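Take a look at the structure set out below.
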Amino acid sequence: MPEGTRTWIEDLSQHVGEDVVLLGWVRHHRSSGKLHFLEIRDGTGNVQAVVKKGVASDEALEAAASVGIESSVEVHGSVKAHARREGEVEVAVAELRILAPTVEDYPLGKKEHGTGFLMDNRHLWLRSSRPWAVMRIRAEVIRACRAHLDGLGFVGVDAPILGSAAAEGTATLFPVEYYDDQVYLSQTGQLHMEAAAQALGRVYCLGPTFRAEKSKTRRHLTEFWMLEPEIAFAHLDDAMDLMESLVASVLASVLERCRPELEVLERDARKLEAAASTPYPRLTYDEALARLEGTEAAIPWGEDFGAPQEDALSSLFDTPVLVHRYPAAVKAFYMRPDPERPEVALGCDMIAPEGYGEIVGGGERNGDLAFLERRIEEEGLPPAAYEWYLDLRRYGACASAGFGLGLERTIAWICGLAHVREAIAFPRTMSRTSP
RNA sequence: UCCCCGAUAGCUCAGCUGGUAGAGCGGCGGACUGUUAAUCCGUAGGUCACAGGUUCGAUCCCUGUUCGGGGAGCCA
């Protein structure tokens, strides 16, 4: 039987009464004497294959009796309504061929496993239903992000991975040998997006970024993906409008197209529905502080938010909340100070509900050449590496605004995951670079 | 960098006051023609992370090390 004639499991309901060929893996095996139930998985879905004496060939019965979990198989049979479950289909097997048997015990069982064990076996764990659902939602989040920005006229521009300088200090960079020199893995595409915005107007990049922070928490990876839009001649409000409409459209897309995946994850979609439409609440740093006053998360003016502040604030709303105009001293040097209040920066963070933390950070860029030169010196950054960036101020400087959206944190929130490492196929953390 | 927790069968764990170890799942063998984490019977499987110390005797108490997990700071 040539492979071209195979049917994907997700399409089976359109083939009731027909003979089909499935190619997949045996996910689960139950038997009752001469009657075998094989759960077949092909990446698009699962279906029960029933191997019954009198219907299946003797060879098929023999194969069903001996087949190990996760063996790859070719199944020939007819599609029927499930004998016990309303609305489902099953396959009455005529022929079953083991293409490649599982040669050792499959490490993953039906019962619970610890995190370390699952992560060691991430290459196999991906086959399980939860990672399956998360990866499909991740793909939808990325598709929706691009669709939203492309639809607004943004141009996708890819930022480099290798670079010679840090945007926010050098302590958290991964050095890489580069011929006789040393370069670093990129921790943001923002500076390059500013250059691209001056060439193309509205741009975004989507790619991996790297931070050598010694963080071992549920919100941190050393390699994570960011979506970074940047708009020329734009201000803080433009950035806030965009981050809000972007996140809302992503939520709407996931809710529309990924219901089965959310069900697999047992994610209560009702908790996401409010976030699928705008507006989201917007608080200044001062207003946010006032909201925290009298709670355990209260902090004095001038201090940056930590996890307790983010969690306390997010618990007040059922949508993400935008906090803007933080004290300039706690934000990156490239942020523009508020001309009406220089002690605060025209920056904004979006904090996800349910304690998922900061998923977006951004704002208006600082266009003041002399100020940037001074701050680069103050931060001890290598001036030569920033010459090209300062050129953006020398030749037709413009107001510029943008932000970075952390994909894994966003996906972790949407999927209700306990840790961002489940939001990416092959996570990289302080203690894990394999598989 | 700091704080907390953990390491016992392939996996998840229990193991009392110190006397050389158990369960469930998985594996293997068997029974079963409608199962859904199937069920039932049988069975194999252990350098109790590593190195010291205390003790007649240490999985257990103490010290150190390694590895893992969670959190703080920092960040998306």
Side-chain angles (χ1 to χ4, degrees), chain A residues 27-39 46-56 61 64-66 68-70 80 82-85 88 90 92 102 104-121 124-125 128-129 166-169 171-173 187-190 206 208-228 243 247 303-308 310-311 330-332 349-352 356-362 403-413 418-421 423-424 429-432:
Chain A
R27 192 165 173 260
H28 196 53
H29 177 210
R30 294 175 288 273
S31 86
S32 174
K34 296 293 169 280
L35 181 62
H36 299 272
F37 301 94
L38 304 181
E39 211 172 309
N46 306 313
V47 70
Q48 176 166 275
V50 183
V51 187
K52 190 187 281 191
K53 197 172 186 179
V55 179
L61 279 164
S66 69
I69 297 300
E70 290 297 326
K80 304 163 66 167
H82 196 292
R84 291 284 182 277
R85 290 192 173 181
E88 284 185 30
E90 63 182 19
T102 291
E104 287 179 40
D105 295 346
Y106 189 65
L108 270 47
K110 280 167 295 204
K111 282 225 172 174
E112 281 174 55
H113 293 291
T115 304
F117 179 78
L118 287 172
M119 278 300 163
D120 287 344
N121 289 284
L124 301 175
W125 185 25
S128 303
S129 55
E168 304 169 14
T172 59
L173 289 167
Q187 56 182 186
T188 173
Q190 183 209 310
L206 172 60
T209 53
F210 306 86
R211 303 221 177 148
E213 292 159 2
K214 292 190 173 170
S215 303
K216 307 194 312 177
T217 82
R218 71 183 67 187
R219 308 207 254 234
H220 288 86
L221 297 168
T222 52
E223 177 181 317
F224 68 98
W225 283 58
M226 264 208 298
L227 175 76
E228 294 180 278
M243 66 177 76
V247 172
E303 238 173 69
D304 200 4
F305 282 14
E310 289 182 0
D311 292 351
V330 302
K331 287 294 171 182
D349 290 345
M350 183 187 288
I351 300 166
Y356 281 93
E358 184 185 342
I359 55 173
V360 179
F403 58 85
L405 176 140
L407 264 188
E408 287 76 20
R409 286 190 184 172
T410 303
I411 293 161
W413 160 47
H419 196 301
V420 289
R421 69 185 152 215
I424 186 167
T429 64
M430 271 182 79
S431 58
R432 216 168 276 281

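This is a predicted model, so every value here is computed, not measured. Below, chain A is the first sequence line, B the second, and so on; all start at residue 1.
You won't find any donor-acceptor pair under 3.5 Å spanning the side chain of A:Arg219 and the base of B:C74, going by distance alone. Taking 3.5 Å as the limit, the base of B:G34 and the side chain of A:Glu90 contain a donor-acceptor pair of atoms between them. A donor-acceptor contact under 3.5 angstrom links the side-chain atoms of A:His220 to the base of B:C75. Scanning atom types as modelled, no donor and acceptor separated by under 3.5 angstrom connect the side chain of A:Glu39 and the base of B:U36.
Residue-level contact check: A:Val360 touches the backbone only, with heavy atoms under 4.0 Å from sugar-phosphate atoms and none from bases. A:Leu108 comes within contact range of no nucleotide atom at all, as no heavy-atom separation falls under 4.0 Å. Residue-level contact check: A:His29 touches neither bases nor backbone, having no heavy atom under 4.0 Å from any strand. Across all strands shown, A:Asp304 has heavy atoms under 4.0 Å from sugar-phosphate atoms exclusively, and none from any base. Looking at heavy-atom distances under 4.0 Å, A:Gly361 makes contact with sugar-phosphate atoms alone, never a base. Among the protein residues, A:Gly114 comes within range of the sugar-phosphate backbone only, with heavy atoms under 4.0 Å from sugar or phosphate atoms but none that close to a base. Within the 4.0 angstrom heavy-atom criterion, no nucleotide atom of any strand lies near A:Thr410. Residue contacts shown for A:Phe117 are limited to sugar-phosphate atoms, with no base heavy atom under 4.0 Å away.
Base orientation at B:U20 is syn, since its O4'-C1' glycosidic dihedral falls within 90° of 0.
Taking the P atom of each, B:G18 and B:G57 are spaced 15 Å apart, rounded to whole Å. Atom C1' of B:G46 sits at a distance of 23 Å from the matching atom of B:G52, rounded to the whole Å. Atom name P, nucleotides B:C61 and B:G15: the rounded distance is 12 Å, in whole Å. The separation of B:C13 from B:U17, taken at their P atoms, amounts to 22 Å, rounded to a whole angstrom. Nucleotides B:C56 and B:A49 have their C1' atoms positioned 27 Å apart, rounded to a whole Å. Spacing between B:C4 and B:U65 at atom P, rounded to whole Å, works out to 14 Å. The same atom, P, is picked in B:G19 and in B:C62; the two are 15 Å apart, to the nearest Å. For the C1' atoms, the distance linking B:A58 with B:G53 amounts to 11 Å, nearest Å.
Across all strands shown, the partner of B:G6 is B:C67, judged by Watson-Crick or G-U wobble contacts whose two distances both fall under 3.5 Å. Of all nucleotides present, none satisfies the Watson-Crick or G-U wobble test against B:G26 with each distance under 3.5 Å. Base pairing annotation: B:C56 forms a Watson-Crick or G-U wobble pair with B:G19, both donor-acceptor distances under 3.5 Å. Remark: B:G45 base-pairs with no nucleotide in the shown strands. Criterion, Watson-Crick or G-U wobble with two distances under 3.5 Å. B:C32 is unpaired under the Watson-Crick or G-U wobble criterion, no partner having all donor-acceptor distances under 3.5 Å.
Atom NE2 of A:His113 and atom C1' of B:C13 are 13 Å apart (whole Å). Regarding A:Asp311, its CG atom lies at a distance of 15 Å from the C1' atom of B:G73, rounded to whole Å. Taking atom CG of A:Leu61 as the reference point, atom P of B:G34 lies 15 Å away to the nearest angstrom. Rounded to whole Å, the distance from CZ on A:Arg85 to P on B:U36 is 9 Å. Counting to the nearest Å, the C1' atom of B:G30 and the NZ atom of A:Lys34 are 11 Å from each other. Nucleotide B:C74 holds its P atom 18 Å from the CG atom of A:Leu173, rounded to whole Å. Computed from coordinates, the A:Leu38 CG to B:U35 C1' distance equals 11 Å when rounded to whole Å. In this structure, CD of A:Glu70 is placed 18 Å from P of B:C11, rounded to the nearest angstrom.
An OP1 or OP2 oxygen of B:G69 is reached within less than 4.0 angstrom by a side-chain nitrogen or oxygen of A:Arg432. Of the side-chain N and O atoms in A:Arg218, none sit less than 4.0 angstrom from OP1 or OP2 of B:C75. Considering only side-chain N and O atoms, A:Ser431 lies under 4.0 angstrom from the phosphate OP1 or OP2 of B:G69. OP1 or OP2 of B:U1 lies within a sub-4.0 Å distance of a side-chain N or O belonging to A:Lys214.
In this structure, A:Phe224 forms an aromatic stack with the base of B:A76, since both conditions hold: centre separation below 5.5 Å and plane angle below 30°.
Listed nucleotides B:G73, B:U36, B:G69 differ in distance to A:Ser215; the shortest reach to its side chain belongs to B:G73. Ranking B:U36, B:U33, B:A76 by closeness to the A:Arg211 side chain, first place goes to B:A76. If you check B:A76, B:G73, B:U33 against the side chain of A:Pro308, the one that comes closest is B:G73. Distances were taken from every side-chain heavy atom of A:Lys216 (C-beta onward) to each of B:C75, B:G71, B:U35; the shortest belongs to B:G71. Proximity note for A:Leu35 (side chain, C-beta onward) versus B:G34, B:U12, B:A76: the nearest is B:G34.
A distance of 8.5 Å separates CD in A:Gln187 from CE in A:Met226, rounded to the nearest 0.5 Å. Between atom CG of residue A:Leu108 and atom CD1 of residue A:Ile69 there is a gap of 11.5 Å, rounded to the nearest 0.5 Å.
Ionic pairing of A:Arg219 and A:Asp311 is present here: one or more N-O contacts between side-chain nitrogen and carboxylate oxygen are shorter than 4.0 angstrom.
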